[in-house]
Amino acid sequence: MESVSEVIDARGHENIQSTHETTFEITKEAVITRRGDCIIAVSATRGAADLSPNFKDAAVKRGDAQITITVEAGNVREVVRARGSPRLLFTHPMDLVVRKSDYVCGRTIAIRANKAAKDLSRRLVEKLRDPHQKIRITLTVEET
């Protein structure tokens with residue numbers, strides 16, 4: 001089994017809440033308000049539109065592709081499992097959104113996830129709230 005991976009570097013922010021019940025988001029924006037309760041990282045090096053053609057093709061062509069999202073902050077690591085879909089668009093220049101639902105828009109990079117922002121460990125969320133914390137997000141599509 002081969003896989004296609006993307007690595008996104010980002011950082012934490014003091015306004016990260018990580019309380020949204022159905023999604024989580026990584027954004028290229030540097031400043032967020034407390035209203036963005038799904039945001040888990042800011043100043044990301046990529047938005048959905050910036051992901052490689054190989055990653056997009058793997059996530060879309062395999063219909064029900066397994067997508068693993070690994071979020072690392074310091075010595076804390078969390079893994080989220082989700083699915084790809086032929087309906088994914090990957091058009092948003094700033095945001096990457098992972099959803100528990102099947103809803104798809106230009107920001108959506110994976111659906112049917114097993115975790116949303118509120119499901120992330122509070123130990124990880126504490127790190128995500130540190131504006132000096134470097135965060136690494138690795139997206140992997142498993143090819144069969």
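Computation of the quantities below employed the complete heavy-atom set of this structure, encompassing side-chain atoms and omitting hydrogens, waters and symmetry-equivalent molecules. Remember, predicted model here, so these are calculated numbers, not experimental data.
- Shown here are the side-chain hydrogen bond (donor to acceptor under 3.5 Å, both in side chains) partners of Arg11, two or more places apart in sequence or in another chain: Ser43.
- Using modelled atom types, one finds a donor on one side chain and an acceptor on the other under 3.5 Å when comparing Arg99 with Thr108.
- The line from NE2 of His13 to CD of Gln133 is 14.5 Å long, rounded to the nearest 0.5 Å.
- The side-chain contact (heavy atoms from CB on, under 4.5 Å) search around Ala44 returns Ile8, Ala10, Ile26, Lys28, not counting sequence neighbours.
- Listed for the Arg129 side chain is a donor-acceptor partner under 3.5 Å among the backbone atoms of Ile16.
- Environment of CZ in Arg87: crowded, with over 12 heavy atoms of neighbouring residues, nucleotides or ligands closer than 6.0 Å.
- Put simply, the side chain of Glu72 never gets that close to the backbone of Glu78: no donor and acceptor are under 3.5 Å apart.
- More than 12 heavy atoms of other residues, nucleotides or ligands lie within 6.0 Å of CZ in Arg122, so this atom counts as buried by the packing criterion.
- Side chains of Thr68 and Val80 form no contact here, defined as non-hydrogen atoms less than 4.5 Å apart.
- Under the 4.5 Å side-chain criterion, counting only non-hydrogen atoms from C-beta, Val141 is not in contact with Lys56.
- The CD1 atom of Ile67 sits 10.0 Å away from atom CD of Glu142, with the distance rounded to the nearest 0.5 Å.
- Separating the NE2 atom in His132 from the NZ atom in Lys134 is a distance of 12.0 Å, to the nearest 0.5 Å.
- Checking side-chain atoms of Thr45 against main-chain N and O of Asp9 turns up a donor-acceptor pair under 3.5 Å.
- Rounding to the nearest 0.5 Å gives a distance of 6.5 Å between CD1 of Ile109 and CG of Leu51.
- Crowding of Lys115 atom NZ: a count of heavy atoms from other residues, nucleotides or ligands under 6.0 Å exceeding 12.
- Between Ala110 and Ile69 the shortest heavy-atom distance is CB-CD1, 4.5 Å.
- With sequence neighbours excluded, the residues that form a side-chain hydrogen bond (donor to acceptor under 3.5 Å, both in side chains) with Lys100 are Asp119.
- Between the CZ atom of Arg107 and the CZ atom of Phe90 there is a distance of 14.0 Å, given to the nearest 0.5 Å.
- Counting only N and O atoms by type, the side chains of Asn15 and Thr33 include no donor and acceptor under 3.5 Å apart.
- Between Lys118 atom NZ and Asp37 atom CG the span is 12.0 Å, to the nearest 0.5 Å.
- For the pair Leu128/Asp130, no side-chain contact is recorded, criterion being any heavy-atom separation below 4.5 Å from C-beta on.
- Taking the side chain as every heavy atom from C-beta outward, Val42 and Glu29 never approach each other to under 4.5 Å.
- Looking only at side-chain heavy atoms (C-beta outward), Ile137 and Leu96 stay at 4.5 Å or farther from each other.
- With hydrogens and angles disregarded, no donor-acceptor distance shorter than 3.5 Å links the side chain of Asp57 to the backbone of Asn54.
- Side-chain contact check for Ser5 and Thr140: at least one donor-acceptor pair (N or O, by modelled atom type) lies under 3.5 Å.
- Side-chain contact between Arg112 and Asp102 is present, with at least one heavy-atom pair separated by less than 4.5 Å.
- Between Phe55 and Leu139 there is a side-chain heavy-atom pair separated by less than 4.5 Å.
- Proximity of Thr23 to Val98: side-chain heavy atoms (C-beta onward) are nowhere separated by under 4.5 Å.
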